[in-house]
J.: 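Got a structure for you, written out below as structure tokens; questions coming shortly.
One is the number of the first residue; the rest follow in order along the sequence.
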Amino acid sequence: MPNRRRTTAALTAAAAVAGATVLAGAPAAHAAVVDVNYACETKIGPKSAVSPVDIKAVKSGSAYTVTMSFDKGVSDSPVELPKGVMTPRAELVLGGDASGTVKVTGTPNTAAIPPDTPIRIGTLTGTFTPKKNGRVTFTAGTLTVHALGMDAAVCTPKNNPEPSLELQVTGVSGGGSGDTAPPPADGSGDSGGELPRTGPLDSAPALGTLGGTVLLTGAAGVLWLTRRTAR
């Protein structure tokens, strides 16, 4: 009996540790640099360019600060753009458990841009305030370059780019999926604030729960064996 109790306790501890380890290691976001093929309508005719786009999000209170950066320029100007006359802005298309767009804007150019030189966009920043918990994807949308008092270039992705960021939103008060029935009055049943668990990111809570269940079962077995031995 002692050997069986030790074996049960060891298996229970291993399962609990494994569940806790997977839960702690579950990623909150997945980001990827995505090549976006922009087709730009400009004052000097159509232009096109491919630029790697990187989107990141950092939680700030109940919202997220979202940044969008470009690795290459997407258009150029036939004339020099003096310092401070060019300001970019863009839309990020939301998907997954959110819809709509997030607007991000950049700062005016800090140095003059020579003529016939690709315009470096730099980093654009905006705010995303989630309304519910769940997975949210961010995909590059329309980019507008405002220069010399006008929208000098309006660039649209033409290659149906993949999302640059997938964010797991948590902690939204009352932020259910919107299609989940409210919990019964006696408190039984599923929580109305949880989303259906369908993807790899959701396997962690399930494993954590499994570890806890095995732990309780093992403890009950040990107590039963102890009492039986005492008799």
Side-chain angles (χ1 to χ4, degrees), residues 29-60 63-132 134-169 178 199:
H30 172 72
V33 177
V34 175
D35 287 339
V36 179
N37 184 4
Y38 282 102
C40 303
E41 293 296 328
T42 76
K43 300 303 180 183
I44 57 173
K47 298 283 184 178
S48 63
V50 176
S51 178
V53 171
D54 188 14
I55 301 174
K56 290 184 172 63
V58 177
K59 193 166 186 178
S60 178
Y64 290 81
T65 298
V66 181
T67 57
M68 179 185 192
S69 57
F70 298 80
D71 191 55
K72 296 179 181 179
V74 296
S75 184
D76 53 23
S77 171
V79 298
E80 177 178 302
L81 296 178
K83 174 183 176 181
V85 302
M86 188 277 294
T87 304
R89 66 180 187 271
E91 292 183 346
L92 305 181
V93 180
L94 300 177
D97 292 313
S99 60
T101 59
V102 171
K103 298 184 184 301
V104 290
T105 58
T107 56
N109 56 308
T110 57
I113 301 174
D116 301 318
T117 300
I119 298 173
R120 302 289 297 193
I121 300 300
T123 300
L124 283 63
T125 305
T127 301
F128 167 61
T129 304
K131 295 181 174 61
K132 60 184 178 181
R135 286 189 191 82
V136 180
T137 60
F138 297 76
T139 304
T142 301
L143 168 69
T144 302
V145 178
H146 189 82
L148 300 174
M150 60 183 174
D151 289 343
V154 179
C155 305
T156 306
K158 292 299 184 183
N159 61 331
N160 294 319
E162 295 293 323
S164 296
L165 174 67
E166 181 178 307
L167 181 67
Q168 184 71 27
V169 175

J.: Check Ile55, Thr101, Val53 against Leu92 for a side-chain contact (heavy atoms from CB on, under 4.5 Å) and give me the one that passes.
T.: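 Among Ile55, Thr101, Val53, the one meeting side-chain contact (heavy atoms from CB on, under 4.5 Å) with Leu92 is Ile55.
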J.: Does anything in residues 104-114 pair up under side-chain hydrogen bond (donor to acceptor under 3.5 Å, both in side chains), and if so which pairs, sequence neighbours excluded?
T.: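 Those involving residues 104-114 do not exist here.
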J.: Drop me the distance from Glu91's CD to Leu124's CG, to the nearest 0.5 angstrom.
T.: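 The CD atom of Glu91 sits 12.0 Å away from the CG atom of Leu124.
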J.: How would you list, by chain and number, every residue that makes a side chain to side chain donor-acceptor pair (under 3.5 Å) with Asp54, sequence neighbours excluded?
T.: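 By the side chain to side chain donor-acceptor pair (under 3.5 Å) rule, Asp54 matches Lys56.
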J.: As an exercise, state the distance from OH of Tyr64 to OG1 of Thr127, rounded to the nearest 0.5 Å.
T.: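 If I round to the nearest 0.5 Å, the distance is 13.0 Å.
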J.: Could you give the distance from CD (Glu166) to OG1 (Thr139), rounded to the nearest 0.5 Å?
T.: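 Interatomic distance, Glu166 CD to Thr139 OG1, rounded to 0.5 Å: 10.0 Å.
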J.: In the structure I gave you, are the side-chain heavy atoms of Glu80 and Pro115 within less than 4.5 Å of one another anywhere?
T.: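 In short, these two side chains touch, coming nearer than 4.5 Å.
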J.: Just jot down the side chain to side chain contact (heavy atoms under 4.5 Å, CB included) partners of Thr87, sequence neighbours excluded, or say none.
T.: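 Scan of Thr87 (side chain to side chain contact (heavy atoms under 4.5 Å, CB included), adjacent residues dropped) gives Pro108.
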J.: Once you round to the nearest 0.5 Å, how far does SG of Cys155 lie from CD1 of Ile119?
T.: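 Rounded to the nearest 0.5 Å, the SG-CD1 separation comes out at 8.5 Å.
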J.: Side-chain contact test, heavy atoms from C-beta onward, threshold under 4.5 Å: evaluate it for Val136 versus Phe128 and give yes or no.
T.: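 Side-chain contact under 4.5 Å: yes.
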J.: So, for Ala63 and Thr129, which heavy atoms are closest and what is the spacing to 0.1 Å?
T.: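 Residues Ala63 and Thr129, closest heavy atoms: CB-OG1, 3.6 Å.
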J.: Evaluate Arg89 against Lys103 for side-chain contact (heavy atoms from CB on, under 4.5 Å), listing each step before the verdict.
T.: CA-CA 7 Å; Arg89 66 180 187 271; Lys103 298 184 184 301; over 6 Å; no
J.: With side-chain contact (heavy atoms from CB on, under 4.5 Å) as the criterion, how do Leu94 and Phe138 come out once you've worked through the C-alpha distance, each side chain's angles and the decisive distance to 0.1 Å?
T.: CA-CA 5 Å; Leu94 300 177; Phe138 297 76; 3.4 Å; yes
J.: Before you tell me yes or no, could you show the steps for Val36 and Ser51 under side-chain contact (heavy atoms from CB on, under 4.5 Å), namely the whole-Å CA-CA distance, both residues' side-chain angles and the distance that decides it to 0.1 Å?
T.: CA-CA 5 Å; Val36 179; Ser51 178; 5.8 Å; no
J.: Minimum heavy-atom separation for Pro82 to Leu148, with atom names?
T.: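 Closest heavy-atom pair between Pro82 and Leu148: CD-CD2, 4.3 Å.
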J.: Does the Arg135 side chain pair with the main chain of Ala98, one donor and one acceptor, at a distance under 3.5 Å?
T.: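 Not confirmed, Arg135 side chain does not pair with Ala98 backbone.
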J.: Under the side chain to side chain contact (heavy atoms under 4.5 Å, CB included) rule, collect the residues that match up with Thr65, sequence neighbours excluded.
T.: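 By the side chain to side chain contact (heavy atoms under 4.5 Å, CB included) rule, Thr65 matches Ser60, Thr125.
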J.: Under the rule for side chain to side chain contact (heavy atoms under 4.5 Å, CB included), what residues qualify as partners of Ala147, not counting sequence neighbours?
T.: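 Only Leu81, Met86, Ala152 meet the side chain to side chain contact (heavy atoms under 4.5 Å, CB included) criterion with Ala147.
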J.: Return all side-chain donor-acceptor pairs below 3.5 angstrom for residues 157-164, not counting sequence neighbours, or 'none' if the list is empty.
T.:
residue : atom : partner : partner atom : Å
Asn159  : OD1  : Asn37   : N            : 3.2
Asn159  : ND2  : Asp35   : O            : 3.1

